[in-house]
Amino acid sequence: MQSCAAQAAGAGTAAFRFAAGDPSARTTDAASSSYDASRSYGNRSLLRADPLEQLRGRQVGAGRVPQVPRKACVQAILRVDREAADRDREDGSEKGAQRKRSSFSLQASSSLAMPSLDFPRSRSTSPVRQKTAQERVDDAVRKQAALMADIRIPPGAEMDGELLETAYERSGEVCAEYAKTFYLGTKLMTPERQRAIWAIYVWCRRTDELVDGPNASHITPAALDRWEQRLEDVFAGKPFDMLDAALTDTVRKFPVHIQPFRDMIDGMRMDLYKKRYETFEELYLYCYNVAGTVGLMSTPVMGIAPEYAEDEDAVREIYDDALALGIANQLTNILRDVGEDARRGRIYLPLEELSRFGVTEQDIFDGVVTDRWRSFMRWQLARARDYFAKAERGVMKLDRQSRWPVYASLVLYRQILDSIEKNDFDNFHKRAYVPKFKKLLSLPEAFVRSQLPHSSHGLKVASSSKVAE
Ligand SMILES: CC(C)=CCC/C(C)=C/CC/C(C)=C/CC/C(C)=C/COP(=O)(O)OP(=O)(O)O
């Protein structure tokens, strides 16, 4: 899965005050002074958090919409408050470490014994047994699936239409700038859905930037707690800034549950501490937190085909499939980026599985493609494809209008696996990618297949790969 933000610290603050309706904060300086600061990070990773500003309690009102300089806005938002981070550290909190990314990653196992959660959870004080990974994931799926049947009573007052328009427009710009292919996919959706997906994407991107952006090393569990409080405010109808306002509007219009959002923040907590994954169960939980959650967040927006929507079990199954797509995407992302991650001292492959194939951590750092590595990779690719196959079945149960964009994104991301194979499994030095012409060619094919009746699709899926045992 495998991003809006003000470019400099000052610009971030200005953008926030701006969004909160403070015209004095309107300054083109915000955009220009921030420019240099952003350069060192290139064009991406510009999101900043301002948890302190958030705690000061400013929130978007329904007032006039200030004319925010587009550039400042596209880059707007999260500024990590160094003071706050320093204070947290003085309080004894640990400093965050760079993580593997992902803007926003099943069944791999029905027997998911709980990986002991070896990252501190700053919120939880409960002495009761920790839930297993599967229980945690099931819990979120159940909550989200149950919401489909709910009639939601929108919290808070109606939002100002002009402000909302601007907020969605900004969300689309962020999406277009940070996730071009994904943005293209959203262009295939109905306008309402498209805007909602942008709003969700932007929240995910900002969340991810907290631990993967330029200020990542200053992020502490306390900062993530503040971000989570802000999330609660979004769902309570009290957005803090423009982009939050778009999300507040989205979660009023679509039956989206807060749990997957909370879980994604948990994934960021995990990433602050974890550099190795002992078992697939541990990795699965991580993939759920950072990408499977996106499947749960987006499905209520995509909509479920009417013939399944009333059937509780079918809805539940569709959510499992949505989750599978997130997991498949994240696994693909991990397999593609093995070399890049290793250069940052990170390994997102289960150590237990590596050792089963006779591959050591050092082999990964050395980046030598051996037969053992090829066998290991073949096995990993098969598992990722199994997740894609499960997701494929779910796509066909979505609302007809949503099938094409989702299916197209599935097909495009899955092709990365083929590319890894074509590179003879050298994911240490070669980055697997799908050439543009191939991406374009996939779109009409995805359209045709996404419109086929469900049963004919199932036949094709049944012949897909099987995880090697
Ligand atoms: C299948 C059914 C029933 C519903 C669909 C539900 C959906 C839309 C699921 C998609 C989940 C998703 C998009 C997860 C994101 C996972 C991921 C690894 C994204 C990669 O993001 P980037 O890191 O920006 O990607 P690149 O590094 O490849 O640019």
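Both counts, for ligands and for their atoms, begin at 1 and track the order of listing. Just so you know, these numbers come straight off a predicted model, no measurement behind them.
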Report, in ascending order of atom number, the atoms of ligand 1 lying under 4.0 Å from any heavy atom of [X].
X      : value
Ser298 : 8 (C)
Val406 : 5 (C)
Thr299 : 4 (C), 6 (C)
Gln330 : 18 (C)
Gly295 : 6 (C), 7 (C), 9 (C), 11 (C)
Ile318 : 3 (C)

Using modelled atom types only, decide if a donor and an acceptor are shared between the side chain of Gln144 and the backbone of Pro255 within a distance under 3.5 Å.
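Checking the backbone N and O of Pro255 against the side chain of Gln144, a donor-acceptor pair under 3.5 Å is found.
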Do the side chain of Glu282 and the main chain of Glu278 share a donor and acceptor less than 3.5 angstrom apart?
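Looks like yes, one N/O pair under 3.5 Å.
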Any Arg336 heavy atom less than 4.0 Å from ligand 1
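For ligand 1, residue contact (heavy atoms, under 4.0 Å) with Arg336 is present.
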So, 4.0 Å and heavy atoms of Ala391: is ligand 1 close enough to count as a contact?
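Judged by the 4.0 Å heavy-atom criterion, Ala391 does count as contacting ligand 1.
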Can Ile265 and Thr207 be said to form a side-chain contact (heavy atoms from CB on, under 4.5 Å), step by step?
CA-CA 7 Å; Ile265 298 177; Thr207 304; 4.1 Å; yes
Is Asn329 touching ligand 1 with its side chain, its backbone, both, or neither, if touching means heavy atoms under 4.0 Å apart?
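Both of them.
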To the closest 0.5 Å, what do you measure between OH (Tyr413) and CZ (Arg336)?
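Reported to 0.5 Å precision, the distance equals 4.0 Å.
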With a 4.0 Å cut-off, would you call Arg276 and Glu361 a salt bridge?
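Yes, charged N to carboxylate O under 4.0 Å.
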Under 3.5 Å between any N/O of Tyr413 and any N/O of ligand 1: does that happen in this structure?
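It does: an N or O of Tyr413 is found under 3.5 Å from an N or O of ligand 1.
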For the residue pair Tyr286 and Tyr277, does the interplanar ring angle fall in the parallel (under 30°), tilted (30 to 60°) or perpendicular (over 60°) class?
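Judged by the thresholds at 30° and 60°, the geometry between Tyr286 and Tyr277 is tilted.
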Per the salt bridge (Lys or Arg N to Asp or Glu O under 4.0 Å) rule, which among Asp341, Asp271, Asp337 passes with Arg346?
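Result: among Asp341, Asp271, Asp337, Asp271 is the only option passing the salt bridge (Lys or Arg N to Asp or Glu O under 4.0 Å) with Arg346.
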